[in-house]
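Inspection log for the structure reproduced underneath, given as structure tokens.
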2 protein chains.
Amino acid sequence: MMVDAITLVNGRTVTAEHAAVVGRTNAAVCCPSVLAAPLDARSAGQLARGFGALGDPVRLRLLSMLAAAPAGEICVCEFVAPIGKSQGTVSHHLRILSEAGLVHGDRRGKWVWYSLDHARLAQLRSALDTQP
Amino acid sequence: MMVDAITLVNGRTVTAEHAAVVGRTNAAVCCPSVLAAPLDARSAGQLARGFGALGDPVRLRLLSMLAAAPAGEICVCEFVAPIGKSQGTVSHHLRILSEAGLVHGDRRGKWVWYSLDHARLAQLRSALDTQP
DNA sequence: TGATTGCATCGACCATCATCAACACATCTA
DNA sequence: TAGATGTGTTGATGATGGTCGATGCAATCA
């Protein structure tokens, strides 16, 4: 039960824990670019977590499916068959993506619908920009 | 109820309950573009190697140092002290970056000078572009 | 030639990860 | 209420990865 559910301005809801992770991420990764200036160890660690979440074929395919979804969201049950992994494994990868701030899960009834966090993707993309 | 199972155009079935929550037509629920896995396993694997190489703080700092180098290249001996790892570890990370196509090593005399592959970086950056 | 320097590689250790089966929990239906 | 379904979690296991010290190899120098 989502006792800690938080309603966002866009109408979606996330758990308090989830919001805390995203909030911390947004605040911390306030634009460190890998290529613009020398990275300190802390910033490097935070960016590495984001890129590490992208460093798995299964997770890239999950993101790819989300990006191609007309409605911008897919429920977990729709992932399992195309990915070809067990439901537990898919849930595991979705959790890693969620903790990295790349996707958000929204429970509606029995199903949980996942959608991309385009802002977080833009952050990681800009981290690879040569220009500050 | 189970007798209300709906057969989608792709042969899969969902319950009426499921379709109701989705709030869309059968065609919308079973959108083939989502189930067709836009990112095939091979492409996902290649991209994952690239992002996986970025998924380590030490390697991000190596890339950052290279980007900030006035001459655009740094010899291995100049990496070791700032990174704070053993020479063998630094060499290990440079090899991973090299195999991922992110850097190139050029031996001149006793020294090996590493430089960024900006094209490969741009390729990974564009892979995060959610706009087609 | 022998010694030194810079870099790559190897072996070993430990941590982390990917995966699955099984289970736990919440939600919905009959 | 009991049963079915969707999802998250746990435990176990094999694979992968990060790190270091030691070693190997090539280039340079005395």
Side-chain angles (χ1 to χ4, degrees), chain A residues 1-5 13-15 17-18 41 44-45 48-49 51-62 73-81 83-100 103-114, chain B residues 1-6 12-22 29 41 44-45 48-49 51-62 73-81 83-100 103-114:
Chain A
M1 184 170 300
M2 301 181 62
V3 290
D4 289 332
T13 58
V14 297
T15 65
E17 177 190 9
H18 196 162
R49 280 190 55 191
F51 286 121
L54 297 175
D56 183 276
V58 170
R59 292 196 286 271
L60 284 181
R61 294 179 64 200
L62 291 173
E73 58 181 7
I74 303 179
C75 98
V76 178
C77 60
E78 300 281 344
F79 281 122
V80 178
I83 293 297
K85 305 289 183 182
S86 71
Q87 178 268 325
T89 297
V90 170
S91 180
H92 161 74
H93 285 297
L94 285 170
R95 171 178 176 158
I96 290 179
L97 288 173
S98 179
E99 289 178 343
V103 303
H104 296 293
D106 179 23
R107 172 175 285 270
R108 296 201 288 274
K110 294 197 300 183
W111 298 279
V112 177
W113 298 82
Y114 279 89
Chain B
M1 58 186 74
M2 292 306 95
V3 293
D4 283 339
I6 297 174
R12 291 169 53 255
T13 59
V14 296
T15 64
E17 175 196 4
H18 193 157
V21 170
V22 174
V29 172
R49 272 201 307 274
F51 286 120
L54 297 176
D56 182 273
V58 170
R59 291 195 288 272
L60 285 181
R61 294 179 64 199
L62 290 173
E73 58 182 6
I74 302 180
C75 96
V76 179
C77 59
E78 298 182 52
F79 281 123
V80 177
I83 292 297
K85 304 290 183 183
S86 70
Q87 178 269 324
T89 297
V90 170
S91 182
H92 162 74
H93 287 297
L94 286 170
R95 172 178 175 158
I96 291 180
L97 287 173
S98 179
E99 289 178 344
V103 303
H104 293 293
D106 178 25
R107 170 175 284 268
R108 295 202 290 273
K110 294 199 299 183
W111 298 276
V112 177
W113 297 83
Y114 279 89

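In what follows, chains carry the letters A, B, and so on, assigned in the order in which the sequence lines appear, proteins first and then strands, with residues in each chain numbered from 1.
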- Query: Taking only side-chain nitrogens and oxygens of A:Ser86, does any of them come within less than 4.0 Å of OP1 or OP2 of C:dC20?
  - Reply: yes
- Message: Using the rule given for side chain to side chain contact (heavy atoms under 4.5 Å, CB included), can you reason through B:Tyr114 versus B:Glu78, listing the C-alpha separation, both sets of side-chain angles and the distance that settles it, and then say yes or no?
- Response: CA-CA 11 Å; B:Tyr114 279 89; B:Glu78 298 182 52; over 6 Å; no
- Task: Tell me what A:His93 touches on the nucleic acid: a base, only sugar-phosphate, or nothing, going by heavy atoms under 4.0 Å.
- Result: sugar-phosphate
- Item | Spacing between A:Arg95 atom CZ and D:dG6 atom P, to the nearest angstrom | 22 Å
- Let me know the distance between CZ of B:Arg108 and P of C:dC7, rounded to the nearest Å. 12 Å
- Picking from C:dT19, D:dG6, D:dG8, the nucleotide nearest the side-chain atoms of A:Trp111 would be D:dG6
- Against the side chain of B:Gln87, the closest entry in C:dC28, C:dC7, D:dT7 is C:dC7
- Query: Using a cut-off of less than 4.0 Å, is there contact between a side-chain N or O of A:Ser91 and OP1 or OP2 of D:dT7?
  - Reply: no
- Task: Give the rounded distance in Å between these two atoms: CD1 of A:Ile83 and C1' of C:dT19.
- Result: 14 Å
- pair A:Arg108-A:Asp106: side-chain heavy atoms closer than 4.5 Å: yes
- From C:dT27, C:dT19, C:dC20, pick the nucleotide closest to the side chain of A:Arg107? C:dT27
- Message: Output the rounded distance in Å from CG (A:Leu97) to C1' (D:dG8).
- Response: 15 Å
- Nearest listed nucleotide, side chain of A:Tyr114, among D:dG8, D:dT9, D:dG18: D:dG8
- Query: Roughly how many Å is it from NE2 in B:His92 to P in C:dG11, rounded to a whole number?
  - Reply: 15 Å
- Query: Which part of the nucleic acid does B:Arg59 contact within heavy-atom distance under 4.0 Å: base, sugar-phosphate only, or nothing?
  - Reply: sugar-phosphate
- Query: Between D:dG8, D:dT9, C:dT19, which one does the side chain of A:Val112 approach most closely?
  - Reply: D:dG8
- Query: With a non-hydrogen cut-off below 4.0 angstrom, is B:Gly109 in contact with a base, only sugar-phosphate, or nothing?
  - Reply: sugar-phosphate
- Message: From CH2 of B:Trp113 over to C1' of C:dG6, roughly how many Å is that when rounded to an integer?
- Response: 12 Å
- Message: In the structure I gave you, are the side-chain heavy atoms of B:Phe51 and A:Leu60 within less than 4.5 Å of one another anywhere?
- Response: yes
- Any side-chain heavy atom of A:His93 sitting closer than 4.5 Å to one from A:Leu97? no
- Message: In this structure, how many angstroms lie between the P atom of C:dA18 and the CG atom of A:Leu62, rounded?
- Response: 12 Å
- Minimum-distance nucleotide (side-chain atoms of B:Lys110 versus D:dT19, C:dC20, D:dT28): D:dT28
- Item | Integer-rounded Å distance: D:dG21 C1' and B:Lys85 NZ | 15 Å
- Message: Could you check whether any side-chain heavy atom of B:Phe79 comes within less than 4.5 Å of a side-chain heavy atom of B:Arg61, counting everything from C-beta outward?
- Response: no
- Message: Taking any heavy-atom pair under 4.0 Å as a contact, classify B:Ile96: base, sugar-phosphate, or nothing.
- Response: sugar-phosphate
